[in-house]
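These notes are about the structure you will find just below.
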Amino acid sequence: MSTPGAEPSIFSRIVAREIPATIVAETDRVIAFNDIAPKAPVHVIVATKTEHYRNVVELAAGDPGLLAELVSVAERVAAEHAGGEFRLVFNTGESAGQTIFHVHAHVLGGRFKEGSLGSH
Ligand code: 5GP
């Protein structure tokens with residue numbers, strides 16, 4: 001969980017429209033916007049509006065319905081922007097590449113090199 005009294009995360013500031021972002025989908029509880037440093041032809045961040053959960057493990061344990069909603073928004077974004085086929089990546093922990101501890105998924109779409117895992 002996020003630390004009480006801590007500064008709002010970058011993603012909370014996007015939710016509050018304090019930081020500009022290209023928002024591509026939104027529900028009452030989930031927001032999707034283009035990644036500022038795309039690593040695939042389509043690279044969209046899908047985040048819960050709350051920063052209560054630091055990662056997908058906490059979210060799955062604490063609010064599985066919200067995780068399902070996040071996945072459903074990811075599917076919709078991929079249908080609209082990536083022909084319906086996509087990778088859904090949840091970096092979990094610093095050594096795995098997580099830099100923002102406000103649960104979010106990366107929707108990665110477009111052409112990948114055959115057999116590649118991370119890069120395109
Ligand atoms: P993580 O590394 O935590 O899994 O993912 C964080 C992602 O957020 C990175 O891909 C990074 O490019 C993206 N990001 C960081 N700051 C901003 C920002 O201010 N705006 C947007 N749109 N994306 C950001």
Side-chain angles (χ1 to χ4, degrees):
M1 286 186 208
S2 58
T3 314
E7 289 291 301
S9 73
I10 289 173
F11 295 163
S12 288
R13 298 186 65 204
I14 288 173
V15 170
R17 274 44 175 193
E18 289 170 16
I19 294 179
T22 303
I23 295 168
V24 297
E26 190 170 13
T27 68
D28 285 351
R29 299 203 294 166
V30 174
I31 191 163
F33 49 88
N34 287 337
D35 196 290
I36 205 169
K39 297 194 174 55
V42 174
H43 187 171
V44 174
I45 298 291
V46 186
T48 59
K49 289 189 175 176
T50 175
E51 64 177 274
H52 186 72
Y53 305 103
R54 288 169 56 84
N55 59 50
V56 68
V57 175
E58 287 188 5
L59 178 60
D63 193 342
L66 182 53
L67 174 58
E69 186 171 328
L70 187 156
V71 171
S72 159
V73 170
E75 189 275 333
R76 181 151 59 86
V77 166
E80 286 169 11
H81 299 276
E85 299 190 339
F86 60 106
R87 292 182 184 182
L88 194 60
V89 174
F90 291 91
N91 294 329
T92 306
E94 222 169 300
S95 70
Q98 188 174 6
T99 56
I100 298 183
F101 293 83
H102 169 158
V103 65
H104 60 279
H106 299 252
V107 176
L108 301 165
R111 290 243 152 241
F112 290 90
K113 262 194 218 148
E114 189 113 3
S116 75
L117 186 64
S119 55
H120 66 101

Do you know which two heavy atoms are closest between [X] and [Y], and how far apart they sit?
| X | Y | value |
| --- | --- | --- |
| Pro38 | His43 | CA-ND1, 3.5 Å |
| Leu67 | Ala60 | CD2-CB, 3.8 Å |
| Ser9 | His102 | OG-ND1, 2.6 Å |
| Gly109 | Ala40 | O-CB, 3.8 Å |
| Ala32 | Val46 | CB-CG2, 4.0 Å |

Is there a donor-acceptor contact under 3.5 Å from the side chain of [X] to the main chain of [Y]?
| X | Y | result |
| --- | --- | --- |
| Lys49 | Thr27 | yes |
| His52 | Leu59 | no |
| Glu51 | Ser12 | no |
| Gln98 | Arg54 | yes |

Report the residues that fulfil ring pair (Phe, Tyr, Trp, His ring centres under 6.0 Å) with His81, sequence neighbours left out, ordered by chain and then residue number. none

Looking at side-chain heavy atoms only, is the closest gap between [X] and [Y] below 4.5 Å?
| X | Y | result |
| --- | --- | --- |
| Thr50 | Leu66 | yes |
| Ile45 | His106 | yes |
| Val42 | Phe86 | no |
| Arg17 | Ile23 | yes |
| Glu75 | Val107 | no |

Is it the case that atom CD in Glu18 sees more than 12 heavy atoms from other parts of the structure closer than 6.0 Å? yes

Distance (rounded to the nearest 0.5 Å) between [X] [atom1] and [Y] [atom2]:
| X | Y | atom1 | atom2 | result |
| --- | --- | --- | --- | --- |
| Leu108 | Arg87 | CG | CZ | 7.5 Å |
| Phe90 | His104 | CZ | NE2 | 9.0 Å |
| Phe101 | Thr92 | CZ | OG1 | 9.5 Å |
| Leu88 | Leu70 | CG | CG | 7.0 Å |

Is [Y] reachable from [X] through a run of I, L, V, M, F, W or Y residues, each pair having side-chain heavy atoms under 4.5 Å apart?
| X | Y | result |
| --- | --- | --- |
| Val103 | Ile14 | no |
| Ile100 | Val15 | yes |
| Val56 | Val44 | yes |
| Ile31 | Val73 | no |

Connected hydrophobic set around Ile36, excluding itself, where side chains approach under 4.5 Å: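 Reading the cluster by chain and number, Ile36 sits alone, since nothing else belongs.
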
